[in-house]
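Here is the structure we will look at, set down as structure tokens.
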Amino acid sequence: MQYPSMRVSQMFFRTLRETPAEAELVSHALLLRGGFIRRLAAGVYSYMPLGWRVLSKVTQIIREEMDAAGGQELLMPTVLPAELWQETGRWAQYGELLAKLEDRQGRKFCLGPTHEEVITDLVRHEVRSYKQLPLLLYQIQTKFRDELRPRGGLIRGREFLMKDLYSFDRDRAGLDLSFEKMYDAYCRIFDRVGLRYSVVEAEGGDIGGTDTKEFMVIADAGEDSMLQCAACGFSANRERAECRPADGAPVSESAMLPVEKVSTPDMKKVKDVTEFLKTDARNLVKTLVYSGAGGVVAALVRGDREINEAKLARVVGPVAMADPAMVEQVSGAAVGFAGPVGLESVRMIADHEVKSLLNFVTGANETDTHLTNVNLNRDFTIKEFADLRCAEDGDPCPQCSDGTLELKHCIEMGHVFKLGTRYSEAMNAVFQDEDSVVKPIIMGCYGIGVSRIVAAAAETSHDDKGIIWPAAIAPFVVQISLLDPNVGELAAIADKLYNDLQPAGMDVLYDDRDERPGVKFADADLIGIPIHVVIGKRTRERGEMELQLRADKSKRMVPAGDVVTAIQSLLTQSAA
RNA sequence: CGGGGCGUAGCGCAGCUUGGUUAGCGCGCCUGCUUUGGGAGCAGGAGGUCGCCAGUUCGAAUCUGGCCGCCCCGACCA
């Protein structure tokens with residue numbers, strides 16, 4: 001697909017010499033400075049012609065790969081009626097993120113943050129038979145999520161462009177196949193876009209699902225984090241990463257000290273207690289009270305560890321932190337003083353690490369009181385052990401024997417997961433199978449943050465002068481700077497090159513402005529087009545043009561007549 | 001939602017503590033001349049309800065209150 005070429009003198013575009021105060025991240029600052037985006041409200045941006053071209057190129061790559069994988073594009077509304085969301089329970093569950101509105105009759109709507117409900121509604125009205133399956137339906141559309149805190153420009157906007165595809169299959173095997181197709185297509189997309197990415201084991205989150213993977217770009221500015229093993233390449237979302245149970249030395253009974261009760265007035269946090277008792281958080285066991293459909297559960301983890309609620313939920317089903325009243329009822333003490341000793345009436349689950357602790361601190365189930373020198377089996381018993389904590393930087397790799405996990409910040413660009421029948425069952429999206437039985441459709445869901453890719457590219461590929469776009473998504477492939485637009489013969493040469501490059505399949509940005517050379521060079525660096533042709537004095541004197549590569553700042557002189565072929569070979573080289 | 005900061009010309013900022021008459025600076029913008037391979041020089045010029053509303057005062061960008069907007073940190077971890 002060829003995009004139109006453009007003269008800078010005609011383009012709606014302005015660079016900023018100074019960084020706007022609001023921009024904290026490099027990508028944000030450079031996108032603003034280069035004239036790609038402008039802010040309208042918190043987390044809401046306009047794409048200027050330059051930015052829109054980058055976005056369009058990303059979109060086009062995604063579209064091509066989705067189509068190649070058998071996807072069919074459609075477009076759903078942005079304003080969605082509340083009833084659909086009430087059907088799946090997400091009107092309430094999605095909470096504050098849903099931007100709600102009312103029409104003049106007082107009917108309730110929301111701005112679409114995602115479209116499982118709408119697509120499921122669409123499909124349930126159209127699909128009757130297994131003969132109509134499988135289906136892969138997608139759209140590229142603006143979403144709105146009223147984020148707690150939008151930040152970082154395009155990285156976490158409230159309004160953003162997203163590609164979302166939904167798969168509909170008659171059985172699990174079909175879903176596996178659709179999932180695989182999408183996974184492969186995603187790899188091709190991120191390869192083509194030119195970003196280095198990692199695929200990570202993930203958690204389903206709000207939308208719900210299993211077998212989920214995220215496509216991440218590693219960047220310090222990313223607000224997401226992952227754990228990666230340098231030895232075997234294993235990567236997982238922090239939420240998801242398993243912890244290999246450490247095989248600590250067995251606790252020797254002879255080393256056990258007598259339990260002591262200590263007064264710890266108003267010390268509800270691990271930090272308060274350990275500072276007061278002059279001990280380490282590693283030597284304390286937190287008792288966290290949860291409640292769910294199956295009743296109350298107390299989860300025990302080491303004091304310095306973070307409980308992983310997703311892991312807990314995998315063992316005991318969906319749970320939420322118990323409210324203070326319930327904690328008091330269960331533990332007989334105010335929040336902050338629960339402990340395992342004497343709590344045997346409650347279902348208790350402990351993280352594996354608790355097994356190897358000796359003489360540790362716990363709550364005493366009595367307000368303002370803790371116990372020290374507590375020991376497992378002597379003072380309380382635990383029937384269930386599980387992996388309950390969040391993995392951390394430096395943990396041993398769960399997959400290979402000698403690797404260590406390293407915590408890395410990253411930007412989530414894509415997410416694929418198997419939904420199963422969560423939506424089809426809630427919304428009665430069913431089909432009649434070959435065996436005449438009516439069954440719920442098996443669904444999958446696959447998203448890409450299109451605008452986020454633009455930000456991720458800028459975040460990971462730039463220098464102090466501006467963005468360095470990967471060729472595939474650069475706003476233009478070639479930039480021509482005519483340094484002396486008032487010299488007739490040079491202008492004619494530049495015009496000719498501009499006209500010759502287009503039929504050769506290249507989109508060109510032609511800086512024909514009557515500006516000083518310094519301005520043109522600075523703007524070209526800011527815009528970040530891969531190949532830059534400079535036409536100036538030396539062209540007149542020697543008949544040569546200068547080719548500059550944005551990526552490595554290299555320069556070479558090329559005879560005017562050879563420029564088109566020289567550029568073509570540079571492009572095929574970089575594509576290879 | 002909690003904490004912190006900010007709001008003065010298109011952008012970046014000073015002025016506010018200690019109220020005072022035409023509200024400043026740099027960049028950008030317009031006109032002219034000179035200049036032209038890495039953000040030019042000189043001269044002239046345009047551009048402001050000092051976020052909004054109310055109050056205190058003879059007088060408010062400046063003091064007080066309310067509201068709005070924006071940015072940063074946090075918002076599960078007993």
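Here is the naming used below: chain letters follow the sequence lines, and residue numbers restart at 1 for every chain.
- Nearest-nucleotide positions on RNA chain B for A21(A) and D484(A) put A21(A) closer to the 5' end.
- Side-chain proximity of R151(A) to the nucleotides G10(B), C73(B), C77(B) is greatest for C73(B).
- Using P as the reference atom, G55(B) and C76(B) are 42 Å apart when rounded to the nearest Å.
- Contacts of V289(A) with the nucleic acid, taken as non-hydrogen atoms under 4.0 Å apart, include base atoms.
- Among the heavy atoms of the strands lying under 4.0 Å from T19(A) are primed sugar atoms or P, OP1, OP2 only; no base atom is included.
- Looking at the side chain of F521(A), the nearest of the listed nucleotides G37(B), G12(B), C70(B) is G37(B).
- Atom CD in E309(A) sits about 10 Å away from atom P in C77(B), given to the nearest Å.
- Nucleotides G48(B) and G7(B), compared at atom C1', are 14 Å apart to the nearest Å.
- Comparing G38(B), G37(B), C71(B) by their nearest atom to the side chain of D525(A) picks out G38(B).
- One C1' atom belongs to G51(B), the other to C6(B), and the distance between them is 11 Å to the nearest Å.
- G536(A) comes within 4.0 angstrom of a nucleotide base, judged by non-hydrogen atoms across all strands.
- Residue I349(A) contributes atom CD1, which lies 20 Å from atom P of C77(B) at whole-angstrom precision.
- Residue-level contact check: R538(A) touches the bases, meaning some heavy atom is under 4.0 Å from a base atom.
- Considering every non-hydrogen atom in both Y47(A) and I37(A), the closest pair reads CD2-CG2, 3.9 Å.
- At least one side-chain nitrogen or oxygen of K537(A) sits closer than 4.0 Å to the OP1 or OP2 atom of G37(B).
- Taking the side chain of A42(A) as heavy atoms from C-beta on, and the options G38(B), C71(B), C76(B), the nearest nucleotide is C71(B).
- Straight-line distance from the CD1 atom of I307(A) to the P atom of C76(B): 15 Å, rounded to whole Å.
- Computed from coordinates, the D304(A) CG to A78(B) C1' distance equals 15 Å when rounded to whole Å.
- U34(B) and U18(B) are spaced 49 Å apart, taking the C1' atom of each and rounding to whole Å.
- When Watson-Crick and G-U wobble pairs are counted only if both distances are under 3.5 Å, C33(B) pairs with G41(B).
- To the nearest whole angstrom, the two C1' atoms, one in G41(B) and one in U62(B), are 38 Å apart.
- Between the side chain of E18(A) and the base of G26(B), at least one donor-acceptor pair of N or O atoms lies under 3.5 Å.
- Comparing atom distances between the L526(A) side chain and each of G39(B), G38(B), A78(B) picks out G39(B) as nearest.
- In this structure, W85(A) and Y94(A) have perpendicular ring planes: the angle between them is above 60°, well past the 30° mark.
- Judged by Watson-Crick or G-U wobble contacts below 3.5 Å, the nucleotide C25(B) has G12(B) as its partner.
- Of the listed nucleotides (A78(B), G74(B), C70(B)), G74(B) has the atom at the smallest distance from the side chain of R149(A).
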What do the steps show when you test V533(A) against V478(A) for side-chain contact (heavy atoms from CB on, under 4.5 Å), and what is the final call?
CA-CA 7 Å; V533(A) 185; V478(A) 179; 3.9 Å; yes
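- If you measure from atom CD of E392(A) to atom C1' of C77(B), you get 12 Å, rounded to the nearest angstrom.
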Where do E392(A) and R305(A) land on the side-chain contact (heavy atoms from CB on, under 4.5 Å) test, with the steps shown first? CA-CA 9 Å; E392(A) 287 173 17; R305(A) 300 302 194 184; 3.0 Å; yes
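- Mapping G152(A) and I535(A) onto RNA chain B via the closest heavy atom, the residue that lands nearer the 5' end is I535(A).
- As judged by a 4.0 angstrom heavy-atom cut-off over every strand, R302(A) is placed among residues making no nucleic acid contact.
- If you check C6(B) for Watson-Crick or wobble pairing at under 3.5 angstrom, you find it paired to G69(B).
- Remark: the separation of the P atoms in G19(B) and A60(B) is 13 Å, to the nearest Å.
- Rounded to an integer number of Å, the gap from Q548(A) CD to G38(B) P is 11 Å.
- G19(B) is unpaired under the criterion used here, namely a Watson-Crick or G-U wobble arrangement in which both key atom distances are under 3.5 Å.
- Ring to ring, Y45(A) and H28(A) are close: their centroids are under 6.0 angstrom apart.
- You'll find that the side chain of P20(A) is closest to C11(B), out of C11(B), G28(B), C77(B).
- In this structure, of A78(B), A75(B), G38(B), it is A75(B) that holds the atom nearest to the side chain of L148(A).
- Within 6.0 Å of CZ in R282(A) there are 12 or fewer heavy atoms belonging to other residues, nucleotides or ligands.
- In this structure, the NE2 atom of H370(A) is 8 Å from the C1' atom of A78(B), given to the nearest Å.
- Base engagement by V534(A) is indicated by at least one non-hydrogen atom pair under 4.0 Å involving a base atom.
- At a threshold of 4.0 angstrom between heavy atoms, the contacts of A23(A) with the nucleic acid are absent.
- Nucleotide A46(B) forms no Watson-Crick or G-U wobble pair with any nucleotide shown, as no partner meets the under 3.5 Å limit on both distances.
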Apply side-chain contact (heavy atoms from CB on, under 4.5 Å) to the pair F380(A) and L343(A), showing each step before the final yes or no. CA-CA 8 Å; F380(A) 65 102; L343(A) 208 65; over 6 Å; no
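- For W469(A) and F36(A), the ring centers sit closer than 6.0 Å to each other.
- Going from atom CZ of R156(A) over to atom P of C73(B) covers 12 Å, rounded to whole Å.
- Atom C1' of U17(B) sits at a distance of 24 Å from the matching atom of G12(B), rounded to the whole Å.
- Here E22(A) lies in heavy-atom contact (under 4.0 Å) with sugar-phosphate atoms only.
- In summary, D512(A) and K520(A) do not engage in a salt bridge, as defined by a charged side-chain N under 4.0 Å from a carboxylate O.
- For G39(B), the OP1/OP2 oxygens have no side-chain nitrogen or oxygen of R516(A) closer than 4.0 Å.
- Comparing the same atom, P, in C53(B) and in A61(B) gives a spacing of 13 Å after rounding to whole Å.
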